[in-house]
Amino acid sequence: MSTQTASSIFAKAPAPGLADPVHDAQSVFRSAMNALAQPGTVQQLDNLTLSPPAPLSVAATALVLTLCDYDTPLWLDPALATNETVKNYIRFHTAAPFVESPAEAAFALVSDVKLLPAIASFAAGNAEYPDRSTTIVLMVDELTEDDGITLKGPGIKTEKQFSIAPAPAMFWQQMQDNSTLYPLGIDIIFAGTNQVVGLPRSTKITGLEA
Amino acid sequence: MTERVETQGISDEHYNFAYLDEQTKRMIRRAILKGIAVPGYQVPFAAREMPMPYGWGTGGIQVTAAVIGKHDCLKMIDQGSDDTTNAVALRNFFVETTGVDTTTKTKDASIIQTRHRIPEETLTKDQVLVYQVPIPEPLRFLEPRETETRKMHALEEYGLMHVKLYEDIAKFGHIATAYAYPVMVQDRYVMDPSPTPKFDNPKMDQMEALQLFGAGREKRIYAIPPHTKVVSLDFEDHPFEVTKFDQPCAICGAEEVYLDEVILDDDGNRMFVCSDSDFCEERREAGHVGHLGTNPLEAEGND
């Protein structure tokens with residue numbers, strides 16, 4: 001113990017979380033709430049001073065710090081699950097238990113859409129408790145409104161075009177299947193660099209061919 | 001009463017912002033997100049004891065406390081009015097614990113917490129309407145067991161509710177349910193709109209604002225996102241009808257609004273006035289006058 005200098009302890013310490021835990025979390029939550037209430041509409045996050053360990057983005061980290069705690073089993077994609085710096089950071093700031101199986105997760109943090117397992121492997125809830133499902137925080141490079149697939153449903157006046165990049169071929173197909181399970185299914189919150197977009201299970205997806 | 005009240009700064013540093021601790025807010029926020037994802041489904045949540053009795057809006061204030069931020073402007077109404085006991089008490093609660101701006105003007109508010117009314121003015125997409133709900137389960141008086149009602153929602157088995165409405169028709173010749181009139185949300189869940197008068201039901205359909213419902217004692221949160229289909233249950237030969245009033249507001253002359261009956265004296269004189277106090281005030285400021293004039297107590301026949 002005595003051989004450790006202060007600087008070596010700080011070197012191992014996780015990076016800071018939200019600068020203002022109360023009000024930052026509130027503003028991030030409002031963005032997430034508006035995101036799910038208006039699917040396909042890009043919600044800008046307020047300026048946050050967050051320096052999460054790579055490969056986590058500010059938006060994805062802010063969502064995890066805002067929504068996760070010891071009550072929420074968290075599933076990490078294989079790249080994150082083997083990244084001790086990321087795990088220490090999340091463990092230190094949220095105390096969320098990590099789970100191996102996607103079906104046990106209340107939240108899933110996915111750093112790259114290519115690392116997303118079959119969406120059907122996550123918890124979809126059950127008929128009596130459709131809320132016992134996984135919410136996926138999915139990091140993407142780009143979120144674009146008014147282009148791509150067509151969204152319809154609660155929160156959307158008529159219809160809304162939306163696309164993400166990168167988007168593997170099977171992703172939208174799987175999300176389309178997910179919405180047929182309604183009221184069961186998973187919900188996704190896409191996290192860009194500093195934006196979020198919600199895609200709840202209630203949203204119907206068409207226009208995949210385009 | 002119409003002035004926007006400036007109350008910057010938290011007046012009591014002993015409480016966390018908005019009273020609740022952060023873990024509780026996270027738990028409520030997660031329930032709200034699930035509620036939005038499944039419109040009309042009642043999400044169980046671990047409601048806390050609040051510093052007021054059940055029935056005073058403990059569910060509504062927990063939802064508001066989880067949503068509110070320091071830049072919000074809060075409007076609090078009780079039966080449409082900004083100045084009745086419940087509204088004043090809960091508004092002061094948030095002024096003390098958050099220091100946010102409050103207003104009585106519907107269009108200035110970013111969050112409106114309501115007890116049993118929807119404002120007459122059309123709400124916009126940047127507003128959140130929070131309802132205080134006493135009994136969230138529309139089937140509860142038909143089936144007391146939670147295990148059974150949960151199964152009925154799971155199976156979309158709502159025949160019993162239609163039987164109840166039909167019994168109204170058999171007894172009274174029309175559907176006599178006047179408040180807490182059940183609605184079908186997005187063709188899936190039957191939902192209790194809280195004891196709002198059925199007059200307000202059509203406003204919920206395709207509303208631009210997000211609607212959040214909190215029931216503290218019953219520990220349920222549910223939601224209706226903007227632009228969601230909300231249909232009042234009815235029959236082809238007995239379609240849903242909103243309450244009609246045979247006279248306009250006595251002091252502002254408004255028609256097609258929800259009116260409260262006010263007894264004026266011991267002789268049974270009465271008047272009907274807007275239940276939405278802000279709406280009525282705005283109309284009177286704009287120069288509208290009802291048949292009892294600006295001060296009904298001085299009107300003819302009321303001395």
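Every chain is numbered from 1 and lettered A, B, ... according to where its sequence line falls, protein lines coming before strand lines. Because the structure is a prediction, the values reported are computed rather than measured.
- Between B:Gln23 and A:Tyr70 there is a side-chain heavy-atom pair separated by less than 4.5 Å.
- The most heavy-atom pairs under 4.5 Å with chain B, out of A:Leu67, A:Leu199, A:Asp187, A:Thr203, come from A:Leu67.
- Of the atoms belonging to A:Pro39, not a single heavy atom falls under 4.5 Å from chain B.
- Applying the 6.0 Å contact sphere to CD of B:Glu49 captures no more than 12 heavy atoms from other residues, nucleotides or ligands.
- Contact of the A:Thr135 side chain with the B:Arg30 side chain is not registered, since no non-hydrogen atoms from C-beta on lie closer than 4.5 Å.
- Contact check for B:Glu208 versus A:Lys157: side-chain heavy atoms found under the 4.5 Å cut-off.
- Using a 4.5 Å cut-off between heavy atoms, B:Leu33 contacts chain A through both its backbone and its side chain.
- Only the side chain of B:Lys25 comes within less than 4.5 Å of a heavy atom in chain A; its backbone stays farther off.
- For A:Ile156, the part lying near chain B is the backbone, with the side chain staying farther off; criterion is any non-hydrogen pair under 4.5 Å.
- Remark: side-chain polar atoms of B:Lys34 are not paired, donor with acceptor, to backbone N or O of A:Pro130 under 3.5 angstrom.
- Of the two parts of A:Asp131, the backbone and the side chain both hold a non-hydrogen atom closer than 4.5 Å to a non-hydrogen atom of chain B.
- Residues of residues 215-225 of chain B lying within less than 4.5 angstrom of chain A, judged on heavy atoms, are B:Pro225 in numerical order.
- Under a 3.5 Å cut-off, the side chain of B:Arg26 and the backbone N or O of A:Asp69 do not form any donor-acceptor pair.
- For chain B, the nearby parts of A:Ser202 are the backbone and the side chain; heavy atoms of each come within less than 4.5 Å.
- For chain B, the option among A:Ala106, A:Ala35, A:Gly125, A:Cys68 with the highest count of heavy-atom pairs below 4.5 Å is A:Cys68.
- Heavy atoms of A:Tyr129 lying under 4.5 Å from chain B belong to its backbone as well as its side chain.
- For the pair A:Gln26/B:Arg29, a side-chain contact is recorded, criterion being any heavy-atom separation below 4.5 Å from C-beta on.
- Residue contact with chain A, scored on non-hydrogen atoms closer than 4.5 Å, is absent for B:Ile28.
- Cation-pi geometry between B:Arg188 and A:Tyr182 is not satisfied (NZ or CZ under 6.0 Å from the ring centre, within 45° of the ring normal).
- Residues of residues 124-148 of chain B that come closer than 4.5 Å to chain A, counting heavy atoms only, are B:Lys125, B:Val128, ordered by residue number.
- The closest side-chain heavy-atom distance from B:Asp72 to A:Arg30 is below 4.5 Å.
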